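Beneath this line is the structure, given in structure tokens, with notes to follow.
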Amino acid sequence: MIIVSPLCHVESLAAKHNFSRSLSLLAPWQLVIFDTSPLPPDHKILAFNDVTAPGPGLVPPDEAVVGAILEFGSACAPDEDVLVHCWMGVSRSPAAAYIIACARAPGKEHALAQNLRSVSPIATPNRLLVSLADDLLGRGGLMVDAIDAIGRGREFEGDAPAFVLPL
């Protein structure tokens, strides 16, 4: 299973689960303060800003980032517990989990988006990440349409709860 989480829950989740792999999606400046000690030895860290368009001083996600997410997902066995996290657990990590799920289940884009919404009412997957993945996977807009159909997650204050998606 994929456990999707904000950074604040990583340490407690790592103590409860025996993660075989992890994927960290952080802003470039966060790398300076990021403690990798709770992560499994097999971890990947990607640094980019949670943006949907380029801007001054920002590093938007690109095809290389999405390629790394897809590579991470393809290396995960269905019986493994893996951690995917970002700073808040609302945009980048839900998008990555959705991308991994879609890569494994072509034609199920809408069902996967609906499942994502049901397990995380606050998730608002990063649309640029999803769009880039849609292009790389040749889905012809199905992934973007599915994410658009579930809409923005509801407003939430505090620490976002972790959630689980099947791998």
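The model shown is predicted, which means the values in this text are computed figures rather than measured ones.
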Please find the pair of heavy atoms, one from [X] and one from [Y], that lie closest to each other, and give the distance.
X	Y	answer
Pro38	Ala14	O-CB, 3.2 Å
Val4	Ala97	CG2-CB, 3.6 Å
His17	Asp81	ND1-OD2, 4.2 Å
Val90	Ala160	CG2-CB, 4.2 Å
Ser5	His9	OG-CB, 3.3 Å
Leu25	Arg92	CD1-O, 3.5 Å

Could you tell me whether the side chain of [X] and the main chain of [Y] form a donor-acceptor pair under 3.5 Å?
X	Y	answer
His43	Pro40	yes
Glu71	Ile69	no
Asn49	Ala27	no
Asn126	Val51	yes
Ser118	Asn115	yes

Are [X] and [Y] in one and the same hydrophobic cluster, where Ile, Leu, Val, Met, Phe, Trp and Tyr link if side-chain heavy atoms are under 4.5 Å apart?
X	Y	answer
Met88	Ile2	no
Val10	Val84	no
Leu165	Ile3	no
Phe34	Val59	no
Ile99	Ile45	no

From [atom1] ([X]) to [atom2] ([Y]), nearest 0.5 Å:
X	Y	atom1	atom2	answer
Asp62	Phe48	CG	CZ	9.0 Å
Leu26	Trp87	CG	CH2	8.0 Å
Leu23	Ile100	CG	CD1	6.0 Å
Leu39	Phe19	CG	CZ	9.5 Å
Cys102	Lys108	SG	NZ	11.5 Å
Leu70	Glu63	CG	CD	10.5 Å

**Study point:** side chain to side chain contact (heavy atoms under 4.5 Å, CB included) assessment of Val82 paired with Ser20
**Key:** CA-CA 6 Å; Val82 298; Ser20 54; 4.0 Å; yes
Check your understanding: Does Ser91 have any side-chain hydrogen bond (donor to acceptor under 3.5 Å, both in side chains) partners at least two apart in sequence or in another chain, and if so, which?
Key -> Asp50
Review point. Can you find a heavy atom in the side chain of Arg104 that is under 4.5 Å from one in the side chain of Pro78?
Key: yes
Check your understanding: Quick one: are Leu116 and Pro125 in side-chain contact, heavy atoms under 4.5 Å?
Key ->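 Heavy-atom side-chain distance check passes, below 4.5 Å.
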Review point. Between Ser93 and His85, does any side-chain donor sit less than 3.5 Å from a side-chain acceptor?
Key: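 His85 and Ser93 do not have a side-chain donor-acceptor pair below 3.5 Å.
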Review point. Any salt bridge between Arg139 and Asp134, counting N to O under 4.0 Å?
Key: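 Looking at Asp134 together with Arg139, the answer is no, because their closest N to O distance does not fall below 4.0 Å.
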Practice item. Could you go through the side chain to side chain contact (heavy atoms under 4.5 Å, CB included) check for Phe72 and Leu46 one step at a time? Key: CA-CA 11 Å; Phe72 173 85; Leu46 301 175; over 6 Å; no
Review point. Which pairs with one or both residues in residues 24-36 pass salt bridge (Lys or Arg N to Asp or Glu O under 4.0 Å), sequence neighbours excluded?
Key: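 Qualifying pairs, neighbours excluded: none.
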Contacts table for residues 141-158: side-chain donor-acceptor under 3.5 angstrom, sequence neighbours left out:
{"residue": "Asp148", "atom": "OD1", "partner": "Arg127", "partner atom": "NE", "Å": "2.8"}
{"residue": "Asp148", "atom": "OD2", "partner": "Arg127", "partner atom": "NH2", "Å": "2.8"}

